[in-house]
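Comments concern the structure below.
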Amino acid sequence: MAEATFLDSTELVLNMGPQHPSPHGVRRVILKLDGEKVLGADCVIGYLHRGVEKIGENRTYQQFTPYVDRMDYVAAVSNGLGYCLAVEKLLNIEAPPRAQAVRVILTELNRIASHLVWLGTHALDIGALTPVFYCFREREEVLTVFENYCGARLTTHAFRIGGLQYELYDGFEEQVKAFCDMFLAKVDEYEELLTGNRIWIGRLKGVGILTAEECKAYGVTGPLLRAAGVKWDIRKAQPYSGYDQYEFDIPTGENGDTFDRYKVRLEEMRQSVRIIRQAVDRIPEGPIMGKVPKVIKPPVGEAYVSIEAPKGELGYFVVSDGSPQPYRVRVRPPSFINLQAVDKMVRGGLVADVVAVIGTIDIVLGEVDR
Amino acid sequence: MRKFFRTVFLVDLLKGLRVTFRYQHPKHICTEQYPAQRPRIGERYRGAPRLNTNPETGETLCIACNLCALACPENLIVVGSERNEQTRRKELTTFTYDTSRCMFCGLCEDACPVDALELTQDFEIATYSREGQIWDRQMLEEGPKPTPYEC
């Protein structure tokens, strides 16, 4: 009897990462392969763990605000909004109307910026090199607005508990309106580059299908859920920060595959422009900061607030024990929970599809590991 | 038939290429030639910290109240002061600011009651050593002095 050689084994275990360009961060996927076919995938995370939740227990409520920006650094403004809303709920106060309108404008701009990063890098993973340059060119315009408004481009620290720190600068409305006018044409350009492209369709259609039931079972939210045909958006379901005043549609897909997610996100960018246009036209006058004590000492209790971040449902759970520091801060990061569905999505596909699937979830590893 | 024609003549790919070639004109260049060309920086940019002095007398504006050190999430500001026996007021002696741990959140700037501590538009604060990132009072008042680029 001949000895067994490696040629006999049909299964191959392959480590993809941690140093692999496709996940945009450090994360390892252990793939079980039969030739080109994926039999299973297991995600190993924790390479970017910084203990943000634990840091929160050792900082005062205001001091923790800059740290939340560093979880999902591509959508820092949304993170700041979620945390501020949670502490405001704990304090039982509400930001003034002017602050709420500005918050909506900035978070929607940030949604566009986040989706642009996703679109550019996702296309780059698939092999389309051109869109990334165009996407980052438009994103630069958004970041300029952030820089002019609050002084930082990426980790903005734009919002404070109870409202805003900075008043709008001169020419804010004009700059945002000019961006909106310019941007819709650019979205059509991305569509021209990608939507009809046969390689793009071939790589995305029917890849990584996740049905509505599977999405609900995994707790997957955001564009992934909407691409499966579920009309679920926290902005509509549980409106926060005055989102009920604005008119917009929830784009949905039908098949729940990677191509549908691409279409949903592009449509979301258009809807964001629609919200921004409505909000800029009617920014109410008034104070930008609510009545917040210098030392924030919320009453004993807990508060959970979830918002619709660009990547899905972003939740903040803050527990107070009456001291100036939170007793516990727990984050429900959308990327972390969406990442759990990777195994389901890649099973039975090809190795090259794994890259497409990881790209389509739009994960940010800073948020997954926290 | 129409679909066959479109497939053979690569209509979808040519449509994409049209967008690419539309941006070939030099007027569409958006790259900044950084060291040669100074970038535009927002007025509120949070960059290198500065301890402001009174421009006429050269005395520091800081009243050594220690509020910035308390506001800082990273505890990287150390304010040294001593009480002047004649005026019975606290006077600033030393001020240390560790930029290596700073995340430029601007909380110290917001906390300052006299606008003495300020985050400025200077962004060229790289140094060759870790010690160089710990700024003392003199450095904070004078600001960073980056080597100008010759081109």
Side-chain angles (χ1 to χ4, degrees), chain A residues 55-56 58-70 80 123 128-131 133-134 136-138 140-141 143-158 160 165-167 169-171 186 188-202 294-295 324, chain B residues 3-4 6-24 27-32 34 39-49 65 67-77 101-113 118-123:
Chain A
I55 290 174
N58 301 306
R59 299 285 185 275
T60 63
Y61 286 91
Q62 289 109 325
Q63 281 180 346
F64 188 53
T65 349
Y67 289 91
V68 296
D69 291 351
R70 280 151 179 84
L129 283 172
T130 318
F133 301 111
Y134 297 158
F136 273 69
R137 184 186 59 194
E138 268 78 73
E140 192 64 29
E141 303 286 327
L143 296 189
T144 315
V145 174
F146 289 160
E147 185 185 333
N148 287 336
Y149 171 69
C150 61
R153 291 155 49 85
L154 204 63
T155 48
T156 46
H157 195 202
R160 302 294 197 275
Q165 173 68 29
Y166 309 104
E167 187 52 78
Y169 60 91
D170 294 338
K186 303 286 181 189
D188 294 339
E189 249 170 36
Y190 308 144
E191 287 237 48
E192 214 171 311
L193 276 171
L194 293 171
T195 309
N197 189 303
R198 65 185 70 183
I199 307 166
W200 184 252
I201 295 173
K294 280 243 159 173
V295 178
Chain B
K3 201 182 168 197
F4 175 76
R6 285 176 159 256
T7 318
V8 171
F9 287 97
L10 306 170
V11 174
D12 50 336
L13 298 181
L14 288 174
K15 261 170 107 179
L17 273 180
R18 203 181 64 198
V19 176
T20 314
F21 279 103
R22 212 184 295 154
Y23 285 114
Q24 294 303 304
K27 76 174 181 195
H28 292 300
I29 292 175
C30 48
T31 314
E32 260 176 18
Y34 158 55
R40 290 184 308 273
I41 295 186
E43 206 178 304
R44 297 173 179 175
Y45 187 77
R46 301 196 299 257
C65 64
L67 281 178
C68 49
L70 292 173
C72 181
E74 286 288 337
N75 288 327
L76 53 85
I77 301 173
R101 274 155 57 208
C102 183
M103 54 181 169
F104 303 99
C105 62
L107 281 171
C108 53
E109 179 183 43
D110 298 344
C112 188
E118 196 184 337
L119 296 181
T120 60
Q121 294 179 319
D122 295 326
F123 59 96

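Small disclaimer: the values here were computed from a predicted structure and weren't measured. Note on naming: letters A, B, ... go to the chains in the order of the sequence lines (proteins, then strands), and numbering restarts at 1 for each one.
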* Do A:Y67 and B:M103 have side-chain heavy atoms sitting under 4.5 Å apart? -> yes
Margin query: Any non-hydrogen side-chain atom of A:F133 less than 4.5 Å from a side-chain atom of B:T20?
Written below: no
pair B:K15-A:L193: side-chain heavy atoms closer than 4.5 Å: no
Ranked by heavy-atom pairs below 4.5 Å to chain A, first place among B:V19, B:L119, B:I41 goes to B:V19
Heavy-atom nearest pair, B:R46 first then A:T155, reads NH2-O, 3.7 Å
Original post:
With a 4.0 Å cut-off, would you call A:E192 and B:R22 a salt bridge?
Top reply: yes
Looking only at A:E140, A:K294, A:R160, most heavy-atom pairs under 4.5 Å shared with chain B are made by A:R160
Comparing B:C105, B:C72, B:A71 against chain A, the one with the most heavy-atom pairs below 4.5 Å turns out to be B:C105
Scored by heavy-atom pairs under 4.5 Å with chain B, the best of A:E189, A:Q62, A:R153, A:R198 is A:R198
Under 4.5 Å to a heavy atom of chain B? For A:T144 that would be neither
Whatever's closer than 4.5 Å to a heavy atom in chain A on B:L14 counts as neither
Heavy-atom distance under 4.5 Å between the side chains of B:E74 and A:R59, does that happen here?
yes
Does A:N148 offer a backbone N or O that forms a donor-acceptor pair with the side chain of B:E43 under 3.5 Å? no
Across all chains, not counting sequence neighbours, the side chain to side chain contact (heavy atoms under 4.5 Å, CB included) partners of B:R44 are A:Y149, A:Y166, A:Y169
When every non-hydrogen atom of B:L107 is compared with those of A:Q63, the smallest separation belongs to CD1-CA, 4.0 Å
Requested in this report: Answer yes or no on whether A:R137 is positioned over the face of B:Y23, meaning its NZ or CZ is under 6.0 Å from the six-membered ring centre and within 45° of the axis.
Outcome: yes
Can you confirm whether B:P73 sits close enough to A:F64 that some side-chain heavy atom of one is under 4.5 Å from a side-chain heavy atom of the other? no
In terms of heavy-atom pairs under 4.5 Å with chain B, the winner among A:N197, A:I199, A:L194, A:T130 is A:N197
